[in-house]
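All remarks here apply to the structure that follows.
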Amino acid sequence: MTTDADAPTTSAPDLTELILWFRSNARALPWREPDVTGWGVLVSETMLQQTPVRRVEPIWLEWMSRWPAPSDLAATSQAEVLRAWGKLGYPRRALRLHEAAGVVATEHDDVVPSDVDTLLALPGVGAYTARAVAAFAYGKRVPVVDTNVRRVVARAVHGAGDAGPPATNRDLADVEALLPADEARASALSAGLMELGQTVCTVRSPECERCPVRRRCAWQHNGRPAYAGPAKKVQKFAGTDRQVRGKLLDVLRGAEGPVARKQLDAVWSDAGQRDRCLDSLLVDGLMEQTDDGRFALPGEH
DNA sequence: TTCCCGCCAG
DNA sequence: CTGGCCGGAA
């Protein structure tokens, strides 16, 4: 008997129980309500990039109330959008979402596309978000891979303690292979994989006794070995340009109109770093300089 | 102090 | 493929 060199070294476990688990254990998040549009899902997924659910919830509700359609947001100034983004962090996301809203309004009849490649062409929409919108807003059978899903698959399928460095194409193919043929079941599994990674199969203290797939989990069968790959990098915040940019922008969000240079100088003592950050904020389009040399949120004056 | 964890420019 | 981009909760 010959062996197939391309055969996977591990066989995919049956994850049917994860679909059932998700259907009865999914957290009741506002963007999961049945009447939420593709626009609502795009806004939620963009806000959820790098920002925890609890901080996103109130802002998302406000946005949906103020801007129920892409054209509503597109008609708003960048300054107002940045203020409404508040302290969700990484405000370039807000600018890109504003820009994407304009594209959807003018080129897609004010309806967020359901096709992955069309979604990928929108500003701020990458491999994860495009597929999340396709799967969660439109019920499509596409692999949705974030870091939680990578960890769940690394454990349940490959028996490792955690996923190694991202390898987008391989990761997508990996998860694609797990999806059932049926669209509704596939999107439920995609959502279930994420939910499991966020709430049960966590990095540091997985609650395996609560896990719906524990009896089929390769990591369990391996005796839950520790993560063996290269050390993960820890991201600093205190003292970084990110912190300084945040402080500078916060001054403008809190001001009525343009502010003098002196007010910005007050938030950080290192002049060199301050100037560098100010410059990068201008380059990023997160602030503008007025004719008289003051600073303002974009599109405000 | 540590953790969170997607997009994009270089 | 690597590193920079926010800010708050644990």
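Treat the numbers as computed from the prediction; the structure is a model and nothing was measured. Protein chains get the first letters and strands the later ones, always in sequence-line order, with residue 1 at the start of each.
C:dC6 atom C1' lies 13 Å from atom CD1 of A:Ile59, rounded to whole Å.
Spacing of P atoms, C:dA10 relative to B:dC5, comes out at 14 Å, to the nearest Å. Comparing the same atom, P, in C:dC6 and in B:dG10 gives a spacing of 15 Å after rounding to whole Å.
Among the atoms of the strands shown, only primed sugar atoms or phosphate atoms (P, OP1, OP2) are found under 4.0 Å from some heavy atom of A:Asp241. Here A:Ala238 lies out of heavy-atom contact (under 4.0 Å) with every strand. When heavy atoms are screened at a 4.0 angstrom cut-off, A:Arg54 is found touching no nucleic acid atom at all.
Taking the 5' to 3' direction, DNA chain B first and last meets chain A under 4.0 angstrom from a heavy atom at B:dC3 to B:dC8.
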Could you pull out the protein-nucleic contacts involving nucleotides 7-10 of chain C (nitrogen or oxygen on both sides, under 3.5 Å)?
from  : atom 1 : to       : atom 2 : distance (Å)
C:dG7 : OP1    : A:Arg253 : NH2    : 3.2

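Closest non-hydrogen pair, A:Val267 versus A:Lys247, comes out as O-CD, 3.7 Å.
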Trace of the side-chain contact (heavy atoms from CB on, under 4.5 Å) decision for A:Thr16 with A:Arg185: CA-CA 9 Å; A:Thr16 301; A:Arg185 292 168 54 77; 3.8 Å; yes

Pair A:Lys140-A:Asp115, salt bridge (Lys or Arg N to Asp or Glu O under 4.0 Å): steps then yes or no: CA-CA 9 Å; A:Lys140 291 219 173 185; A:Asp115 172 69; 5.0 Å; no

Full working for side-chain contact (heavy atoms from CB on, under 4.5 Å) between A:Arg274 and A:Leu264: CA-CA 9 Å; A:Arg274 216 173 51 215; A:Leu264 295 174; over 6 Å; no

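Nearest-nucleotide mapping onto DNA chain C: of A:Lys233 and A:Thr51, the residue sitting toward the 5' end is A:Lys233. The 5' end of DNA chain C is approached more closely, in terms of each residue's nearest nucleotide, by A:Pro165 than by the other of A:Pro165 and A:Thr240.
The pair A:Asp241-A:Arg276 meets the salt-bridge criterion, since a charged nitrogen lies less than 4.0 angstrom from a carboxylate oxygen.
Linking ILVMFWY residues whenever their side-chain heavy atoms come closer than 4.5 Å, directly or via other members, places A:Leu179 and A:Val152 in the same cluster.
Between the side chains of A:Arg141 and A:Ser190, no donor-acceptor pair is found at a separation under 3.5 Å.
Put simply, the side chain of A:Leu189 does not reach to within 4.5 Å of the side chain of A:Phe22, judged on heavy atoms. Side-chain contact check for A:Trp63 versus A:Asp72: every heavy-atom pair is 4.5 Å or farther apart.
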